[in-house]
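Below: the structure, in structure tokens.
The figures here come from the full heavy-atom set of this structure, side chains too, leaving out hydrogens, waters and symmetry mates.
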Amino acid sequence: MEESDYPYFVPADKEQLTYLTDLYGTFNYWTQIYLDNELETLKDYKVPPVVVDFYAQYEPKDIPMTNAGIYLLDLEAIKDENSSDAGGGVLLKYGLITIATTIGGDLVCIDLNDMKNNDPRVVIIEHWYCCSVDSVEDYEDVQEIEHLISESFSEFLWKLSGDEYEDFEDTYLNED
């Protein structure tokens with residue numbers, strides 16, 4: 001099969017879709033950085049239908065890096081990123097789910113704490129802020145290190161699909 005024949009978006013495996021629909025069950029089991037019951041806060045979070053439906057119908061599979069310098073993660077990579085100490089796992093406890101990474105390893109997340117019409121904001125966080133569980137102690141710490149990419153997941157996908165974003169790291173992290 002030629003590379004151009006390979007589908008970049010496919011319907012999700014129902015079992016893997018639980019990575020988004022059962023945050024506590026998934027990440028409490030798979031976490032590499034938290035002890036039993038440290039992820040109790042995940043019971044209070046629910047990934048909204050706009051995100052679940054996108055992944056259910058159009059799960060990204062081995063999509064090349066975009067011109068904006070990001071890799072959109074498939075469900076297995078979302079599980080791995082958000083259960084590891086690579087960064088996403090540190091943010092998970094505070095209601096941020098890493099859905100993409102940049103060429104430099106920075107984290108693109110949906111923020112389940114800040115939604116409009118049940119559609120979460122999309123933010124970027126430099127990976128070195130999340131090098132350990134102790135580096136972020138509460139959601140207020142997260143708010144200080146996040147940079148807004150989009151007011152909604154829907155808008156983010158629309159702009160991403162239209163190749164409207166410039167380099168994420170240059171645009172959102174190198175603002176000085």
Side-chain angles (χ1 to χ4, degrees), residues 17-52 54-55 68-157 159-160 165 168-176:
L17 198 56
T18 63
Y19 301 163
L20 296 178
T21 59
D22 182 9
L23 295 175
Y24 178 76
T26 296
F27 295 106
N28 193 52
Y29 178 80
W30 287 104
T31 188
Q32 298 173 19
I33 57 175
Y34 292 108
L35 300 174
D36 290 341
N37 299 322
E38 282 190 288
L39 290 177
E40 286 282 324
T41 57
L42 290 183
K43 291 179 177 179
D44 297 331
Y45 292 107
K46 181 177 173 155
V47 176
V50 67
V51 177
V52 174
F54 168 75
Y55 281 93
I70 70 162
Y71 298 97
L72 197 56
L73 302 176
D74 64 21
L75 290 169
E76 189 67 26
I78 286 173
K79 180 197 68 154
D80 292 344
E81 178 66 39
N82 289 285
S83 59
S84 74
D85 62 357
V90 172
L91 298 171
L92 178 70
K93 181 177 178 179
Y94 306 107
L96 283 91
I97 309 293
T98 303
I99 58 165
T101 57
T102 66
I103 192 169
D106 298 311
L107 310 170
V108 177
C109 306
I110 55 172
D111 185 346
L112 301 179
N113 298 287
D114 194 346
M115 292 193 258
K116 291 188 175 119
N117 299 318
N118 213 21
D119 198 344
R121 291 180 343 136
V122 178
V123 298
I124 187 170
I125 298 174
E126 292 179 83
H127 68 280
W128 57 271
Y129 278 117
C130 305
C131 292
S132 76
V133 176
D134 298 329
S135 64
V136 178
E137 295 182 14
D138 56 35
Y139 181 65
E140 287 74 29
D141 289 344
V142 172
Q143 290 176 299
E144 290 180 23
I145 61 174
E146 69 182 13
H147 302 269
L148 181 66
I149 292 174
S150 178
E151 290 291 340
S152 71
F153 179 73
S154 299
E155 178 187 58
F156 167 75
L157 287 178
K159 287 183 173 183
L160 190 65
Y165 287 113
F168 271 40
E169 292 171 347
D170 285 345
T171 303
Y172 300 105
L173 301 179
N174 299 327
E175 298 171 335
D176 298 332

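You'll find the side chain of Leu112 reaches within 4.5 Å of the side chain of Val47, heavy atoms only. In this structure the side chain of Glu151 reaches within 4.5 angstrom of the side chain of Leu148, judged on heavy atoms. Contact annotation: the side chain of Ile110 approaches that of Val51 to within less than 4.5 Å [non-hydrogen atoms, C-beta and beyond]. Residues Thr41 and Tyr94 have side chains not in contact (no heavy-atom distance under 4.5 Å, counting atoms from C-beta outward). With a 4.5 Å cut-off on side-chain heavy atoms, Leu92 and Leu42 count as touching. Side-chain contact between Ile125 and Asp106: absent, with no pair of heavy atoms (C-beta onward) separated by less than 4.5 Å.
For Lys43, the salt bridge (Lys or Arg N to Asp or Glu O under 4.0 Å) criterion is met by Glu40, not counting sequence neighbours. For Lys159, the side chain to side chain contact (heavy atoms under 4.5 Å, CB included) partners at least two apart in sequence or on another chain are Glu155, Glu164, Tyr165. Not a single side chain to side chain contact (heavy atoms under 4.5 Å, CB included) links Asp44 to another residue, sequence neighbours left out. For Ser154, the side chain to side chain contact (heavy atoms under 4.5 Å, CB included) partners at least two apart in sequence or on another chain are Val50, Asp119, Ser152. Residues passing the salt bridge (Lys or Arg N to Asp or Glu O under 4.0 Å) test with Glu81: none are found, sequence neighbours excluded. Not counting sequence neighbours, Glu144 has no partner by the side chain to side chain contact (heavy atoms under 4.5 Å, CB included) test.
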(request) Kindly indicate, with the supporting measurements, whether the criterion ring-ring contact (aromatic ring centres under 6.0 Å, His included) is fulfilled by Tyr55 and Tyr19. (result) CA-CA 11 Å; Tyr55 281 93; Tyr19 301 163; over 10 Å; no

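Between the NE2 atom of His127 and the CG atom of Leu173 there is a distance of 10.5 Å, given to the nearest 0.5 Å.
Asp114 and Tyr139 share no donor-acceptor pair across their side chains, judged by distance under 3.5 Å alone.
Counted within 6.0 Å of CG on Asp138, heavy atoms from surrounding residues, nucleotides or ligands total more than 12; the atom is thus considered enclosed.
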